[in-house]
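The block underneath contains the structure these notes are about, expressed in structure tokens.
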Amino acid sequence: MSGKRRGWSDSAPLIGQQHSQQKSQHQYQPRSVSLEMTTSAVPATARSIFLGIDVGTGSARAGLFDENGKLLGSSSSPIQIWKDGDCVEQSSTDIWHAISAAVKAACSLAEVSKEEVKGMGFAATCSLVAVDAEGSPVTVSWSGDSRRNIIVWMDHRAVEQAERINSRNSTVLQYCGGALSPEMQPPKLLWVKENLPDSWSMVFRWMDLSDWLSYRATGDDTRSLCTTVCKWTYLGHAHMHQNNEKDSRDMEACGWDDDFWEEIGLSDLVDGHHAKIGRSVAFPGHPLGSGLTSTAAKELGLVAGIPVGTSLIDAHAGGVGVMESVPLSDSEPKESDKEALCRRMVLVCGTSTCHMAISQNKLFIPGVWGPYWSAMVPEHWLTEGGQSATGALLDYIVENHVASPHLANRAASQRISLFELLNKILETMMLDLKRPFLASLTEDMHVLPDFHGNRSPIADPKAKGMLCGLTLDTSEKQLALQYLATVQGIAYGTRHIVEHCNAHGHEIETILACGGLVKNALFIQEHADIIGCPIILPRESEPVLLGAAILGAVAARKYCSLHEAMKALNAVGQVIHPSKDPKVKKYHDAKYRIFRELYEQQLSHRSLMAEALA
């Protein structure tokens, strides 16, 4: 694996070896771009602007922030996705084209010149990217389509591989809640080796998507502690031990457990000092190489050499973008900053929901990912819970109801979202039926939201969703009830995660929330009432983009640390308090008990059927 190869550009910094320029093999039509202007343009006198780029499940987005963390403008561009049963795939080439379109549109909208952008960072879903020695895509698809070189985070093709890996009880598993999820990278890698041997032999680099983006931008193959620790079983604390001894923060990767890779049948990934999965690992925000290469700068419409920070997973970027967004009255004295930070949990609510809390000491929590050393906030342990389908589940429930098309037309005619219309219908129903509070409309309907398995705290990928209380009613009102019960089911799942974490050493008192679902007032209020905690929303509407931009600010040496940048650029918005009505608490306590019983009933049913088929 040695020898020189062409770099992204002649000026690209290289780590360990030269990298090759990716060949663009496919032509793309001009993209549609969604734009949002959040402030009026500011005179461009010596401004320092930071660019955040986030690749989600359905789009690539770019946002530009000033030195106060204020969003100047953002844009998005759709990305292609292929779904076939448990297999979900994307194209890295398509994603880079989408990023290019989004960055150029955001700069134009915000009237930011390329010279004003002083730093940039990437965040993305924890999807798995495969490229060959020339940087070209290698298919991970049964179809053989070379474009489809990304296994998307939500892909569940590797359930059987995950079970086999977990049966070995490797010591690394204790640092991911005791078991690997099929959404993590080792099971997916094993699946490719066992099912697509030609692709396996062609792949020169396996990368988390956000790491591939920073590599594509800089030519620097350094991986992030966030991605490697959270999704690849890299032991960040082992990295830190060596780090302290050598007084270096961008050293050769030393947190890989070679025995683990050999035990699960992937010993070839250890070859070449782990060249295929990461020779060098750094803290999020660490400056990569010599910044943006001339090739990438031209593609993005930016200036070569802009500092690029080591990346974050998208949910973790949301954590960085929101975790210090607390009211001044709630802030602790400076000497207890760390203690205050450790009493918060961040919810990043989108297609799925991630639940993130940090601690100064490692906490082993069964069924919850982690403890991850320095995976979000450097020198803190991260606990990461999650629900694999939240926004996706609400879409599924609504879109598959017979009343949905008519309701969607009504919402469009009123120029509001479908969910806003459903919320209005529920308000009317509460008044018409003389209910004491809106949540009580679902006294006969209960939802277990595990339609894509349970990620936390049960860690059962085979769990199924349940909807109890159906009738023959197909009206819009019935759809509204199913929607409300689903929102509540999702919130009960979050309550379960919070209680489980607190029972194992956390002291979570405050929830901070961001992501697309927080724009839904009913979703947030139900969560506050059900969890019993105030929920703080950030001032900026795009905290994941802000978190990515913070990486660029740190890489540009604007701040001495990631945490300092968070304190400077995070800002509080609205605070949602739980209801003070004791009847609301009593009602949700009862429904929560039913929620917990639904899974136990499912286990009993599963056992009965397995016995019948034995």
Q | Between E384 and H316, a side-chain donor and acceptor under 3.5 Å | A | yes

Q) Side chains of E564 and S561: donor-acceptor distance under 3.5 Å anywhere? A) no

Q. Say you draw a straight line from CZ of R147 to CH2 of W82; how long is it, rounded to the nearest 0.5 Å?
A. 4.5 Å

Q. Out of K276, R205, R216, which residue meets the salt bridge (charged side-chain N to carboxylate O under 4.0 Å, His left out) rule with D221?
A. R205

**Q.** For W153, the option from T57, T125, D208 that meets side-chain hydrogen bond (donor to acceptor under 3.5 Å, both in side chains)
**A.** T57

Q) Quick check: does any side chain N or O of K118 sit under 3.5 Å from a backbone N or O of E115, one acting as donor and the other as acceptor? A) yes

Q: Mind checking the CG-OH spacing from L522 to Y483? Nearest 0.5 Å is all I need.
A: 5.0 Å

Q | Separation of C514 SG from L546 CG (nearest 0.5 Å) | A | 10.0 Å

Q | Exceeds 12 heavy-atom contacts within 6.0 angstrom, atom OH of Y559 | A | yes

Q. Any side-chain heavy atom of H355 sitting closer than 4.5 Å to one from Q387?
A. yes

Q: On the 0 to 90° scale, with breaks at 30° and 60°, tag the H156-H452 ring pair as parallel, tilted or perpendicular.
A: parallel

Q) Would you find a donor on one side and an acceptor on the other, under 3.5 Å apart, between the side chain of Q185 and the backbone of T233? A) no

Q) Going by an N to O cut-off under 4.0 Å, is there a salt bridge joining R344 and E324? A) yes

Q.
Whether the D211 and S224 side chains hold a donor-acceptor pair (N or O, under 3.5 Å, no angle test) is what I'd like checked.
A. no

Q: Keeping the roles fixed (side chain from N454, backbone from A459), state whether a donor-acceptor pair exists under 3.5 Å.
A: yes

**Q.** Intermediate values then yes/no, side-chain hydrogen bond (donor to acceptor under 3.5 Å, both in side chains), E183 and S388
**A.** CA-CA 9 Å; E183 295 174 11; S388 294; 2.8 Å; yes

Q: Taking the side chain as every heavy atom from C-beta outward, state whether S359 and H506 have any atom pair closer than 4.5 Å.
A: yes

Q) Under 3.5 Å, side chain of S146 to main-chain N/O of T139, donor-acceptor pair present? A) no

Q) How about Y175 and L235: do any of their side-chain heavy atoms sit closer than 4.5 Å? A) yes

Q) Are any side-chain N or O atoms of S75 and backbone N or O atoms of A102, one a donor and one an acceptor, separated by less than 3.5 Å? A) yes

**Q.** 4.5 Å side-chain heavy-atom contact, V303 and L292
**A.** no

**Q.** N/O donor-acceptor pair under 3.5 Å between R539 side chain and G69 backbone
**A.** yes

Q: Only one of S92, S91, S141, P137 passes side-chain contact (heavy atoms from CB on, under 4.5 Å) with I150; say which it is.
A: S92

Q) Do I508 and C501 have side chains that get closer than 4.5 Å, going by heavy atoms? A) yes

Q. Are the charged groups of E89 and R157 less than 4.0 angstrom apart, N to O?
A. yes

Q.
Would you compute the distance between atom CD1 of I99 and atom CG of L300 and round it to the nearest 0.5 angstrom?
A. 7.5 Å

Q: With side-chain contact (heavy atoms from CB on, under 4.5 Å) as the test, would you mind laying out the steps for I151 and V192 before giving the verdict?
A: CA-CA 10 Å; I151 300 179; V192 175; 3.8 Å; yes

Q.
If you count every heavy atom of other residues, nucleotides or ligands that lies below 6.0 Å from D84 atom CG, does the total exceed 12?
A. no

Q: For residues V138 and W206, determine if any side-chain heavy atom of one lies less than 4.5 Å from a side-chain heavy atom of the other.
A: no

(Q) Closer than 3.5 angstrom, by distance alone: can the side chain of Y372 be matched with the main-chain N or O of L382 as a donor-acceptor pair? (A) no

Q.
Just verifying a value: how many Å separate L312 CG and L225 CG, rounded to the nearest 0.5 Å?
A. 10.5 Å

Q | Check: E420 side chain, S417 main-chain N or O, donor-acceptor pair, under 3.5 Å | A | yes

(Q) So does Q80 get a backbone contact from the side chain of D94, meaning a donor-acceptor N/O pair under 3.5 Å? (A) yes

Q) Can L562 and L551 be said to form a side-chain contact (heavy atoms from CB on, under 4.5 Å), step by step? A) CA-CA 7 Å; L562 189 71; L551 299 175; 4.0 Å; yes

Q.
Counting C-beta onward and ignoring hydrogens, is there a side-chain heavy-atom pair between C342 and H380 closer than 4.5 Å?
A. yes

**Q.** Check: I277 main-chain N/O paired with R223 side-chain donor or acceptor under 3.5 Å
**A.** yes

**Q.** H563 and K567: CA distance, side-chain angles, deciding distance, side-chain contact (heavy atoms from CB on, under 4.5 Å) verdict
**A.** CA-CA 6 Å; H563 191 204; K567 289 194 288 185; 4.0 Å; yes

**Q.** V140 and W191, any side-chain heavy atoms less than 4.5 Å apart
**A.** no

